[in-house]
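Have a look at the structure below before the remarks.
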Amino acid sequence: FLMGNSCANPDLPPVPPSPTTPRTTPPPTPSNGSASANEPPQQSAVPDTSSAGLRKQGNHKYALAFHADAQLQRAPVLRIGDAKEALRLYQLATNNAGDADEWLSAQKNLGMAALRLSTMEAYQERAEPLEVQAQFQASVMSLTAAFSNGHKAGKSRQWLEQLEGHLHDAVHGMVAYVIDAYPSYSKRYSVIRKTAMALPKGAGPGAALAWRAGANEFFKHAVILDESGDWQGCMNYLYEMNEPLEHLRLSLQHSDEAYALVDDMQELEKSRDALLTKARSYQHLFVAQQAQKDLLFDAEELDMDLLWFVMDEYKAATRPAADEEADEEADVTGLETEAIALSAQGVLYQKVLKVPSVAKQLFESSVRIAMAITQSTGSNFHALGWYKDAVEGLEAIRKEQLAFDQKVVQEQRAPTLEALKPALDALNAAIAKNSAKRPQALNLLKYVYETHPPKVSDAELKPGLDYENNADMKKALLKAAVHYHPDKPVNKSSGMEWYVMCEEIVKLINEYHGHFKQL
């Protein structure tokens with residue numbers, strides 16, 4: 001059916017001239033005060049062509065089409081015919097309206113009848129998709145016109161809120177229908193877009209609802225593509241969201257009230273931006289990984305320009321992920337991109353640039369992020385290549401450092417022992433003041449804590465220690481072994497002489513601890 005000019009003019013229409021009396025069924029004349037929904041109305045002598053009379057006739061047809069009893073008793077094809085007749089009568093009632101209230105009531109009825117018809121399962125099964133879409137669009141347009149002009153006419157908040165609820169139903173019903181009818185997201189959006197473009201700006205929430213639905217369709221598909229690993233397709237659909245989001249913003253600017261749609265728009269934009277950030281990170285990762293293949297496997301000589309290009313791309317992949325991490329509501333899955341990029345940079349610093357200290361920091365950061373994601377989501381990365389690279393890289397660096405440290409120690413140990421000979425002789429002399437093992441152990445502890453105090457803060461010997469107390473002596477010796485252990489970072493970093501001195505002290509401590517263990 002055609003809407004005529006009822007939606008084109010945002011102002012309340014003037015009283016139109018009465019059209020030629022349409023062929024229609026007058027309102028029923030009940031016998032004995034009542035009439036059932038499936039009984040045909042009795043014909044009156046003179047058809048009532050007033051707006052109120054036409055609405056009354058339309059209401060009767062509406063009841064035959066949509067009321068529960070009618071749905072059980074009447075064939076679907078008859079109900080569809082009743083619904084279309086109701087639409088025709090409501091359209092005539094709109095044209096014949098004598099004042100604003102009559103026009104608004106007829107327009108509201110027109111929109112509701114189109115909505116009920118378009119969502120009727122039997123109608124959707126029999127009608128062509130384009131016809132069903134036209135009914136949905138007509139419903140949205142009629143309800144929007146009623147809402148816009150009802151707002152200007154000072155209709156009650158309850159009336160407007162009820163109409164807004166019907167508008168939501170109309171848009172959601174149209175979206176649900178096109179999802180079932182068309183597998184293509186682009187086709188779905190074209191149907192929604194056509195409806196939105198037909199609505200005037202500032203005519204209530206109808207256009208905003210339609211544009212929001214269009215943006216949602218693009219976003220849903222972008223999420224599906226992201227989950228499948230298709231970052232290129234994901235980015236394309238996220239960019240397609242720009243048009244409906246911009247129209248949604250303009251529609252809300254022209255509306256007298258922003259409604260809850262402003263919050264919906266902001267949340268949708270925030271979700272779009274977060275997903276776009278993630279897709280861009282994957283884009284940088286992809287570019288870096290492709291370039292790195294040429295760098296490591298195809299190039300005969302090291303191309304430093306290509307190397308730093310790869311590094312820049314990996315860093316670009318980590319920056320958006322780091323920005324996402326700063327957002328408290330960000331999806332932690334975006335952090336995986338940063339972990340992958342950090343691990344890849346670590347490989348380059350370890351194997352190409354030969355800077356293990358930087359590679360170690362990068363690998364550690366990658367593993368730390370992976371552990372945080374695991375703790376938050378339960379995801380396991382142990383089988384993934386980038387995680388293996390980070391863990392194996394750390395182990396290789398640790399072994400290289402250990403081998404280097406041992407080599408340095410062996411080369412410098414002999415001259416260091418020679419330099420420490422007077423101190424070690426004094427230590428042995430202090431121990432030998434007693435001939436028995438237990439007092440010698442106490443002499444050892446007292447001498448080293450006084451003469452060579454541990455580098456560890458708050459490390460001191462228990463006062464009043466008695467060598468006759470075997471349990472206390474064993475505890476004191478164990479604690480001293482911890483304080484002076486040469487592998488303790490503070491002892492390794494305090495110079496070669498202190499490191500070798502700690503080795504000699506721990507040897508003596510272990511000897512006397514073994515004695516007390518046998519007692």
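It should be emphasised that the depicted structure is a prediction, and the values quoted were computed from it without experimental measurement.
The closest donor-acceptor contact from the side chain of Thr119 to the backbone of Leu115 lies under 3.5 Å. Within the 3.5 Å criterion, the main-chain N or O of Thr374 finds no donor-acceptor partner in the side chain of Thr377. Arg272 places no side-chain N or O within 3.5 Å of a backbone atom of Met241 that could act as its donor or acceptor partner. Formation of a donor-acceptor pair under 3.5 Å by the Ser343 side chain with backbone atoms of Trp386 is found in this model. Not one N or O on the side chain of Asp226 forms a donor-acceptor pair closer than 3.5 Å with the backbone of Cys234. No donor-acceptor distance shorter than 3.5 angstrom exists from the side chain of Asn434 to the backbone of Ala436, with no hydrogens or angles considered. Formation of a donor-acceptor pair under 3.5 Å by the Ser366 side chain with backbone atoms of Ala339 is found in this model. A distance-only check finds a donor-acceptor pair linking the side chain of Asn242 to the backbone of Tyr239 [under 3.5 Å]. Gln124 places a side-chain N or O within 3.5 Å of a backbone atom of Ser118 that can act as its donor or acceptor partner. Ser494 contributes a side-chain N or O that, together with a main-chain N or O of Val490, makes up a donor-acceptor pair within less than 3.5 Å.
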Pair Arg193-Ser190, side-chain hydrogen bond (donor to acceptor under 3.5 Å, both in side chains): steps then yes or no: CA-CA 5 Å; Arg193 184 180 186 276; Ser190 68; over 6 Å; no
side-chain contact (heavy atoms from CB on, under 4.5 Å) assessment of Met235 paired with Gln283: CA-CA 9 Å; Met235 288 182 68; Gln283 181 183 33; 3.7 Å; yes
From CA spacing to verdict: salt bridge (Lys or Arg N to Asp or Glu O under 4.0 Å), Glu504, Lys507: CA-CA 5 Å; Glu504 298 303 312; Lys507 286 179 185 177; 3.4 Å; yes
Chi angles and distances behind the side-chain contact (heavy atoms from CB on, under 4.5 Å) call for Arg212, Met265: CA-CA 7 Å; Arg212 183 189 66 175; Met265 178 188 71; over 6 Å; no
side-chain contact (heavy atoms from CB on, under 4.5 Å) assessment of Ile224 paired with Tyr185: CA-CA 12 Å; Ile224 293 173; Tyr185 281 82; 3.5 Å; yes
Phe381 vs Lys388, side-chain contact (heavy atoms from CB on, under 4.5 Å): CA-CA, chis, key distance, verdict: CA-CA 8 Å; Phe381 303 107; Lys388 289 181 179 179; over 6 Å; no
Test side-chain hydrogen bond (donor to acceptor under 3.5 Å, both in side chains) applied to Tyr314 and Gln292, step by step: CA-CA 10 Å; Tyr314 278 131; Gln292 185 174 340; 2.5 Å; yes
Worked verdict on Glu217 versus Lys187 for salt bridge (Lys or Arg N to Asp or Glu O under 4.0 Å): CA-CA 11 Å; Glu217 281 303 298; Lys187 178 61 178 177; over 6 Å; no
Tyr449/Tyr484 under ring pair (Phe, Tyr, Trp, His ring centres under 6.0 Å): CA gap, chis, key distance, verdict: CA-CA 10 Å; Tyr449 272 91; Tyr484 289 98; 5.8 Å; yes
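A tilted orientation is assigned to the rings of Phe136 and Tyr177, their planes being inclined by 30° to 60°. The aromatic rings of Trp231 and Phe286 sit tilted, their planes meeting at an angle between 30° and 60°. In this pair, His247 and Trp211 present their aromatic rings parallel. The plane angle is below 30°, not in the 30 to 60° band.
Put simply, CD on Gln137 and CD on Gln135 are 10.0 Å apart, with the number rounded to the nearest 0.5 Å. Asn469 contributes atom CG, which lies 11.5 Å from atom CG of Leu442 (distance to the nearest 0.5 angstrom). Interatomic distance, Glu400 CD to Glu395 CD, rounded to the nearest 0.5 Å: 10.5 Å. One distance of note links CG of Leu508 with NE2 of His513; it measures 14.5 Å at 0.5 Å rounding. Distance check: Thr451 OG1 to Leu427 CG gives 8.0 Å after rounding to the nearest 0.5 Å. Considering NZ of Lys517 and CG of Leu477, their distance stands at 12.0 Å, rounded to 0.5 Å.
Looking at Leu275 and Phe219, their side chains come closer than 4.5 Å, going by heavy atoms from C-beta outward. In this structure the side chain of Leu245 reaches within 4.5 angstrom of the side chain of Leu268, judged on heavy atoms. By the 4.5 Å heavy-atom criterion applied to side chains, Met501 and Leu424 are counted as neighbours. Put simply, the side chain of Gln518 does not reach to within 4.5 Å of the side chain of Lys437, judged on heavy atoms.
Judged as a side-chain contact (heavy atoms from CB on, under 4.5 Å), and not counting sequence neighbours, the contacts of Lys479 are His483.
Sparse packing is recorded around CD of Glu121, with 12 or fewer heavy atoms of other residues, nucleotides or ligands lying under 6.0 Å away. Around atom CD of Gln375, no more than 12 heavy atoms belonging to other residues, nucleotides or ligands sit under 6.0 Å away. Counting non-hydrogen atoms of neighbouring residues, nucleotides and ligands closer than 6.0 angstrom, the CD atom of Gln412 exceeds 12 such neighbours. Surrounding CE of Met371 are at most 12 heavy atoms belonging to other residues, nucleotides or ligands under 6.0 Å away. More than 12 heavy atoms of other residues, nucleotides or ligands shown are found within 6.0 angstrom of NZ on Lys220.
The closest side-chain donor-acceptor pair between Thr416 and Arg413, if any, does not fall under 3.5 angstrom. For the 3.5 Å distance criterion, the side chains of Glu243 and Tyr189 qualify, holding a donor opposite an acceptor. A donor and an acceptor atom, one from each side chain of Arg438 and Asn443, are nowhere located under 3.5 Å apart. Checking Glu338 against Thr318 by side-chain atom types alone, no donor-acceptor pair falls below 3.5 Å.
Ionic pairing of Glu164 and Arg157 is not present here: no N-O contact between side-chain nitrogen and carboxylate oxygen is shorter than 4.0 angstrom. With respect to Arg249 and Glu246, a salt bridge is recorded, a charged nitrogen being found less than 4.0 Å from a carboxylate O. Residues Glu364 and Lys360 are paired through a salt bridge, judged by an N-O separation under 4.0 Å between the basic side chain and the carboxylate. With respect to the salt-bridge test (charged N to carboxylate O, under 4.0 angstrom), the residues Glu418 and Lys421 do not qualify.
Trp498 and Pro454 get closest at one heavy-atom pair: CZ2-CA, 4.3 Å. Nearest heavy-atom pair across Tyr237 and Phe218 is CD2-CD2, 3.4 Å. When every heavy atom of Leu362 is checked against every heavy atom of Leu342, the shortest pair comes out as CB-O, 3.6 Å. When every heavy atom of Val310 is checked against every heavy atom of Ala291, the shortest pair comes out as CG2-CB, 3.6 Å. The minimum heavy-atom distance between Ala213 and Val175, with the atom names listed, is CB-CG2, 3.5 Å. Taking both residues in full, the closest heavy atoms of Val367 and Ala390 are given as CG2-CB, 3.8 Å, listed atom of the first, atom of the second, then distance.
Here His382 and Tyr387 bring their ring centres to under 6.0 angstrom of each other.
Annotation: cation-pi geometry not satisfied between Lys492 and Tyr499 (NZ/CZ under 6.0 angstrom from ring centroid, within 45° of ring axis).
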